[in-house]
Amino acid sequence: MQVLVVYGSKMGGTEGIAQILADELGARGATVTVADAATDPDPAGADAVVVGGGLYAGRWVKSVRRWVKQHDEALREVPVWCYSSGPLDDSATEHEIPEASSVHKLMARVGARGHLTFGGRLPADAQGFPAASMAKDHAGDWRDADQIRGWADDVADALGG
Ligand SMILES: Cc1cc2nc3c(=O)[nH]c(=O)nc-3n(C[C@H](O)[C@H](O)[C@H](O)COP(=O)(O)O)c2cc1C
């Protein structure tokens with residue numbers, strides 16, 4: 001079972017989630033490739049795809065939005081799961097946060113089977129506007145590795161792995 005994990009990330013938080021997902025899916029027997037959407041990975045040959053984006057003003061980062069749109073035909077042919085990252089508080093571990101409407105549209109376009117929002121991360125030394133000013137009050141890491149691994153297990157279960 002070949003699984004492609006694609007992420008769109010500006011500051012590395014969503015990339016880190018992709019790595020945890022890949023490790024867990026690999027532990028469950030899948031052969032996993034992790035790729036930055038900005039490198040335009042080819043979905044051909046993948047039996048399943050997991051695609052995630054960091055949320056900025058309610059939308060995934062542009063690289064991954066573009067990747068989903070460019071490869072929508074191929075993605076419709078395989079099971080796809082999506083994730084977002086994420087709130088800079090504990091909300092994502094306290095209750096399930098529905099996908100943003102723009103993410104919902106991308107999911108509908110490729111017939112995605114599921115979605116989870118994970119907590120986000122904002123480095124204290126974030127650069128640029130408005131990230132740097134947000135980091136004065138909201139720097140931290142709310143990604144929960146157990147929650148991420150648990151969701152990877154749900155995906156592996158659905159794939160029969
Ligand atoms: C300018 C800016 C806008 C953001 N907008 C949202 C948002 O709309 N919803 C949300 O849940 N998180 C939002 N966040 C938090 C980011 O999604 C979080 O930091 C995420 O983990 C970043 O992912 P990355 O490190 O992969 O780029 C925002 C962060 C910044 C700096």
Side-chain angles (χ1 to χ4, degrees), residues 3-27 30 32-43 46 48-72 75 80-110 112-155:
V3 180
L4 175 64
V5 179
V6 176
Y7 61 86
S9 181
K10 281 190 191 177
M11 297 184 291
T14 311
E15 177 180 1
I17 293 171
Q19 294 293 348
I20 295 170
L21 292 171
D23 287 349
E24 186 66 15
L25 289 165
V32 188
T33 303
V34 184
D36 186 339
T39 68
D40 192 21
D42 187 350
V49 174
V50 176
V51 54
L55 286 171
Y56 289 83
R59 299 200 297 178
W60 279 352
V61 300
K62 191 173 185 178
S63 58
V64 71
R65 283 188 270 134
R66 187 192 295 141
W67 186 81
V68 170
K69 289 176 189 167
Q70 275 178 352
H71 296 284
D72 59 352
L75 292 173
V80 174
W81 281 267
C82 297
Y83 71 92
S84 301
S85 156
L88 301 174
D89 56 31
D90 287 324
S91 56
T93 48
E94 288 169 349
H95 55 90
E96 206 162 305
I97 298 174
E99 65 272 17
S101 64
S102 67
V103 174
H104 187 82
K105 282 181 195 150
L106 290 172
M107 289 175 62
R109 189 163 170 156
V110 299
R113 300 189 177 195
H115 173 276
L116 199 63
T117 302
F118 298 113
R121 181 188 73 143
L122 183 60
D125 62 353
Q127 303 292 308
F129 181 83
S133 62
M134 283 172 67
K136 288 178 191 154
D137 297 322
H138 298 289
D141 189 349
W142 287 270
R143 298 170 301 169
D144 180 327
D146 286 338
Q147 184 189 29
I148 297 164
R149 281 191 286 266
W151 188 70
D153 286 336
D154 292 345
V155 171

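Any value given below was found using the heavy atoms of this structure, including those in side chains, with hydrogens, waters and symmetry copies removed. One-based numbering, in listed order, for ligands and for the atoms of each.
- You'll find the side chain of Thr14 stays beyond 4.5 Å of the side chain of Phe118, heavy atoms only.
- Without hydrogens or angle criteria, Trp67 side chain to Pro41 main chain gives a donor-acceptor distance under 3.5 Å.
- Neither side chain, Trp60 nor Ser102, offers a donor N or O lying under 3.5 Å from an acceptor on the other.
- Contacts of ligand 1 (protein heavy-atom distance under 4.0 Å) are Ser9, Lys10, Met11, Gly12, Gly13, Thr14, Gly54, Leu55, Tyr56, Ala57, Gly58, Ser85, Gly86, Pro87, Leu88, Gly120, Arg121, Pro130, Ala131, Met134.
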Derivation of the side-chain contact (heavy atoms from CB on, under 4.5 Å) call for Glu15 and Asp36
CA-CA 8 Å; Glu15 177 180 1; Asp36 186 339; over 6 Å; no
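- Using a distance-only test at 3.5 Å, with no hydrogens or angles considered, no donor-acceptor pair links the side chain of Glu99 to the main chain of Met107.
- Checked by atom type and distance alone, the side chain of Arg121 pairs as donor or acceptor with a backbone atom of Met11 at under 3.5 Å.
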